[in-house]
Amino acid sequence: MSAHATPERYIALWNEPDPAVRRAAVAALWRPDGLHLTATRRFRGTEELVARVTEAYDQFVGGRALRFRPGGELMRNHGALAFDWVMTPEDRKDEVLAVGFDVVLLDRDGRIAADYQFNEPPEASEALDGQAERHLTLTDAARLYLPDARLVDCDGVHEGPHAITAALVDGGARLLAGSASAQHDALRYRWREDSADARADQGAEGVDFLLRDGTGQVREHHRFTRTRRYAG
């Protein structure tokens with residue numbers, strides 16, 4: 001399965017009216033023990049995933065004539081995808097009723113191993129914003145990362161605190177953009193580049209997605225980056 005096709009196929013699944021087609025799509029997209037997580041719920045395996053998608057379809061698409069649609073640019077790096085989606089009336093696609101954001105981690109065969117679904121915008125949280133700031137200003141990953149942690153970004157995979165520190169420091173300064181949010185073992189926050197280029201015609205922005213252990217130490221950090229352009 002092509003990583004390029006995953007967001008389109010993923011979003012189409014939630015609009016699918018045929019139960020048999022929905023089930024087949026779930027089986028094709030997720031691996032048999034794949035996960036789907038929301039802020040308060042956790043689903044594992046084909047049966048739970050089919051039930052989850054069917055519940056959402058019955059509530060929103062079948063029940064209220066709403067539709068899920070792609071909401072923005074796809075970001076990807078080395079087996080991970082991040083993308084926005086919107087929910088609109090079926091006949092009024094410009095009337096956005098809800099916005100979501102998913103981080104999808106793929107296995108080696110391109111199937112979903114874990115899918116973390118967030119609502120937008122996040123609720124403001126000083127505690128979570130403080131955690132995000134600590135990562136954005138980090139100068140020594142050994143303080144917050146496990147010894148076998150890895151950072152995955154557009155340049156590749158960086159393993160261990162020393163390599164992670166070098167990659168984060170060499171990547172330049174970044175500022176928190178909006179509020180951070182968390183669910184289960186994940187912390188997620190948007191950032192923007194803090195540089196002269198970022199204040200000119202174009203710069204970088206993106207999302208950091210961190211998976212942590214029970215003590216808050218990071219075991220996996222995904223950094224998604226895209227270019228943004230300024231008007232005027």
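Excluded from the calculations below are hydrogen atoms, water molecules and symmetry mates; all remaining heavy atoms, backbone and side chain alike, are included. Residue numbers start at 1 and run along the sequence shown.
Look at D185 and R219 and you find a salt bridge, because one of the NZ, NE, NH1 or NH2 atoms lies within 4.0 Å of a carboxylate O, short of that distance. A salt bridge does not link E159 with R150: none of the charged nitrogens is closer than 4.0 Å to a carboxylate oxygen. We find that R190 and D84 are joined by a salt bridge, their nearest charged nitrogen and carboxylate oxygen being less than 4.0 Å apart.
Scanning both residues, A28 and R9, for their nearest heavy atoms gives CB-NH2, 3.8 Å. The two atoms that bring W14 and F68 nearest to each other are CB-CD1, 3.6 Å, heavy atoms only. The nearest pair of heavy atoms linking L138 to V169 is O-CG2, 4.2 Å. Closest of all the heavy-atom pairs between E48 and R44 is OE1-N, 2.8 Å. Taking all atoms of both residues into account, the shortest heavy-atom contact from P161 to P147 is CD-O, 3.4 Å. Nearest heavy atom pair, residue T88 against residue R69, reads OG1-NE, 2.8 Å.
Here the CZ-OG1 distance, from F83 to T6, works out to 8.0 Å after rounding to the nearest 0.5 Å. Rounding to the nearest 0.5 Å places CG of L66 at 9.0 Å from CZ of R92. Atoms CZ and CG, from R134 and L176 in turn, are 12.0 Å apart once rounded to the nearest 0.5 Å. The distance from the CZ atom of F43 to the CG atom of D115 is 11.0 Å, given to the nearest 0.5 Å. Remark: Y10 OH to I112 CD1 distance equals 6.5 Å, nearest 0.5 Å. With values rounded to the nearest 0.5 angstrom, H158 atom NE2 is found 5.0 Å from L151 atom CG.
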- Task: Any chance you could lay out the side chain to side chain contact (heavy atoms under 4.5 Å, CB included) test for L106 and L81, step after step, and finish with the verdict?
- Result: CA-CA 8 Å; L106 303 175; L81 308 171; 4.1 Å; yes
- R223 and W191: CA distance, side-chain angles, deciding distance, side chain to side chain contact (heavy atoms under 4.5 Å, CB included) verdict: CA-CA 10 Å; R223 169 160 286 178; W191 52 263; 3.9 Å; yes
- Message: Checking L105 against L211 for the side chain to side chain contact (heavy atoms under 4.5 Å, CB included) test, could you report, in this order, the C-alpha distance in whole Å, the side-chain angles of both residues, the deciding distance, and whether it holds?
- Response: CA-CA 11 Å; L105 306 180; L211 295 174; 3.9 Å; yes
- For V218 and H135, what are the C-alpha separation, side-chain angles and deciding distance, and is it a side chain to side chain contact (heavy atoms under 4.5 Å, CB included)? CA-CA 10 Å; V218 177; H135 285 283; 3.4 Å; yes
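Considering only heavy atoms from C-beta on, L168 comes within 4.5 Å of Y145 through its side chain. The side-chain heavy atoms of P32 and R111, taken from C-beta on, include a pair separated by under 4.5 Å. Put simply, the side chain of V207 reaches to within 4.5 Å of the side chain of R188, judged on heavy atoms. Side-chain contact between R22 and L13 is present, with at least one heavy-atom pair separated by less than 4.5 Å. Here the side chains of P89 and L97 are in contact, with some heavy-atom distance below 4.5 Å.
Formation of a donor-acceptor pair under 3.5 Å by the D129 side chain with backbone atoms of A180 is found in this model. Between the H184 side chain and the R41 main chain, a donor and an acceptor come within less than 3.5 Å of each other. At distances below 3.5 Å, not a single donor-acceptor pair connects side-chain atoms of H222 with backbone N or O atoms of R76. Judged by distance alone, the side chain of T38 and the main-chain N or O of Q117 form no donor-acceptor pair under 3.5 Å. Using modelled atom types, one side-chain atom of W30 and one backbone atom of L35 make a donor-acceptor pair closer than 3.5 Å. Judged by distance alone, the side chain of R226 and the main-chain N or O of F224 form no donor-acceptor pair under 3.5 Å. No donor-acceptor distance shorter than 3.5 angstrom exists from the side chain of R192 to the backbone of A177, with no hydrogens or angles considered. Side-chain N or O atoms of N119 include none that pairs as donor or acceptor with a backbone N or O of P122 at under 3.5 Å.
The hydrophobic clustering, which links ILVMFWY residues whose side-chain heavy atoms are closer than 4.5 Å, places Y116 and M75 together. Under a hydrophobic-cluster definition in which Ile, Leu, Val, Met, Phe, Trp and Tyr are linked whenever side-chain heavy atoms come within less than 4.5 Å, directly or via other members, L146 and L144 are assigned to different clusters. One hydrophobic cluster, built from ILVMFWY side chains closer than 4.5 Å, holds both V50 and L29. Under the 4.5 Å side-chain heavy-atom criterion for ILVMFWY residues, no single connected hydrophobic cluster contains both V152 and V103. Connection of V99 to L37 is not established within any shared hydrophobic cluster, with ILVMFWY side chains joined at heavy-atom distances below 4.5 Å, either directly or through further cluster members.
In terms of the side chain to side chain donor-acceptor pair (under 3.5 Å) criterion, residue partners of E47 (sequence neighbours excluded) are, by chain and number, R23. Applying the side chain to side chain donor-acceptor pair (under 3.5 Å) rule to W85 yields the partners D102; only residues at least two apart in sequence or on another chain are considered.
Atom NE2 of H78 has more than 12 neighbouring heavy atoms from other residues, nucleotides or ligands inside a 6.0 Å radius. Dense packing is recorded around CD of E95, with more than 12 heavy atoms of other residues, nucleotides or ligands lying under 6.0 Å away.
Between F101 and F118, the ring-plane angle classifies as tilted under the 30° and 60° cut-offs.
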